[in-house]
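Report on one structure; see the data block that follows.
The chains referred to below are lettered A, B, ... by the order of the sequence lines, with proteins before strands, and numbering in each begins at 1. Values in this document were obtained by computation on a predicted structure and should not be read as measured data.
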Amino acid sequence: MTDTHVSRVRMTGISKRYGALQSLDNVSLDLKPGEVLGLVGDNGAGKSTISKVLSGAVIPDAGTIEIDGKHVAFTSPADARAARIEMVYQDLALCDTIDVAGNLFLGREPKRRVAGVPMLDKKLMHERARDMLSNLGIVIPDTRMKVENLSGGQRQSIAIGRAASFNPSVLIMDEPTAALAVAEVEAVLELIRTVSQRGVSVILITHRLQDLFLVCDRIQVMYEGRNVAERRIEDTNIEDVVNLIVGRKFAARSAGHNREKGASA
Amino acid sequence: MSSEPNAYASHPPRMREATILDKVVANGGVMSIALFFIVCCLFFSVTTDAFLTAPNLLNVIRQSAPLLIVAAAMTFVITTGGIDLSVGSVLALTATLSAAALQAGVPWPLAILLMLLLGGVIGVIQGYFIAYERIPAFIVTLAGLSVIRGFALLITGGYSIPIEPTSPFVALGRAWILGIPAPALIAIVILAVAYIAFNETHFGRYVTGVGANAEATRRAGVNTRSVILWVYVLSGTAAAAAGVILSARLGSGSSNAGQGFELDVIAAVVLGGTSLFGGRGSLTGTILGALTVAVLANGLILSHLSPFFTPIVTGFIILVAIWLNFRLFRGGAKGR
């Protein structure tokens, strides 16, 4: 799937500054249909910010985004969602006091009309929520439970289920496995494989490097708001990726900095 | 290494579907105020002869109609995590202006419409500063409380403006339709609409969403700012309706009407289990909260006790009801 020539996503020269902090500095990102890209880097490297730019939650100061070859400018998450870009946020973005089905459908609740007045179709919502969850192999006993009463792993599953169930063309996952039990991690990785085989492009942000080698086609490393390296998964190993993330090589051989960057670009 | 087959043997699932008891605990706020309401009603039924009579109960609803109407709108405001302190002032302004408009010869239906519109416009202005300029609701509506009351005083010079008792306008506050007082009827209709809007519509869902996790709701593609603006339009319009009903019932518009009204409204909403932190609201609770406050005031008077006991008892009940939420129904009040 990855040898297609038109990129699903092409971000070029993205920059974003928060006050004194240059959060993103001329970052580029390329994603092909059905490709799974691992985005790694230390805390504050800009992984979350670049993914929020793609999902419309952060508006960049500079740079261009192309989706399937067409130039786009997102001004809100709704724009990105219209372009079928879905994101699972690190902080889950769930409403604690709303039930499971309500969270799955937040912002796109099915309507029914009672005497011409649009209302929530709660019955349909709960039915479809049950189907969505069981298709993804997520076990929640009752879709009427409030999310605040669920475990961390269950909450994560709801967040992923929400993003994956609406036929996305790009799925961005920010630390999807961080709070999960061992079996749940396996289920999520399996889910990533399944959706990418259906042609969905996936961006996976994670600190669990072993996960990258199980699902990713390619790894992009960020360091202090810049792209520093890119590796095909078969050309690299955990040790290499760790070195790239902590930037030890760059610090030790500052003279070779440009050469290394050039070689990896 | 020995395996431990027993440890992995199947066992009953640890999660179960919600039982009735779970639901009772989850709705702790409503349950504790329902308890208070029933206790109050029983107490006054036993201690006084006049309390449990149809005319008295209808009178309670008639008098508490403004409170019920504004409390319903305030439930939306507080569920978004906001507050509207200006409702008492809006009530006073619309009460005086409707009297003034009638005196100036404005036809009564137009006067009512203008007052509701005025309440809505005040809501738009306050909502704009809260939703789009991100100024805390407390500050915006505190300023509104002062400014709007000031306008009411300025217009009337501090006097109350009489309304012609023959005007059909006063029917709004005094008429009886099918054996039910008109204000009570209006309140019941508004409460029913509010209940449906809160629980069954997209707007109500987004009001809860904004209060629970505004950022998540925004990311889900909801225009959270417009949701916030609209709840203040609702509370402004509801306060205007309350002002119209009050002036119609009293037959005059006084700029001193509704002093401290906003606190009664907030008390009723909070008594009903709606969280001041947002995300958790109940219209059933609000209705029970408002009625409890009204029944207390009525019952204490019927018991020939000083009416000045009302604020004392109300205050204690607020504290105890919220305390019950935290202790007895801990599940429902989790993290709050």
Using only atom types and a distance under 3.5 Å, with no angle test, would you say the side chain of Arg205(B) pairs donor to acceptor with the backbone of Leu106(A)? no
For a 4.5 angstrom cut-off between non-hydrogen side-chain atoms, does Thr208(B) reach Cys95(A)? no
Please classify the contact between Phe203(B) and chain A as side chain, backbone, both or neither, with a heavy-atom cut-off of under 4.5 Å. neither
Atom OH of residue position Tyr132(B) - does it have more than 12 heavy atoms of other residues, nucleotides or ligands inside 6.0 Å? yes
What option among Pro77(A), Ala78(A), Ala57(A) has the most heavy-atom pairs under 4.5 Å with chain B? Pro77(A)
Check whether more than 12 heavy atoms from other residues, nucleotides or ligands sit under 6.0 Å from atom CZ of Phe129(B), and answer yes or no. no
Can you name the closest pair of heavy atoms from Glu109(A) and Tyr206(B) and give their distance? OE1-OH, 2.5 Å
Shortest non-hydrogen contact from Thr97(A) to Ala212(B)? OG1-CB, 3.4 Å
d(Ile98(A) CD1, Arg280(B) CZ) to nearest 0.5 Å is 11.0 Å
Any idea which heavy atoms bring His202(B) and Met119(A) closest together, and the distance? CE1-O, 3.8 Å
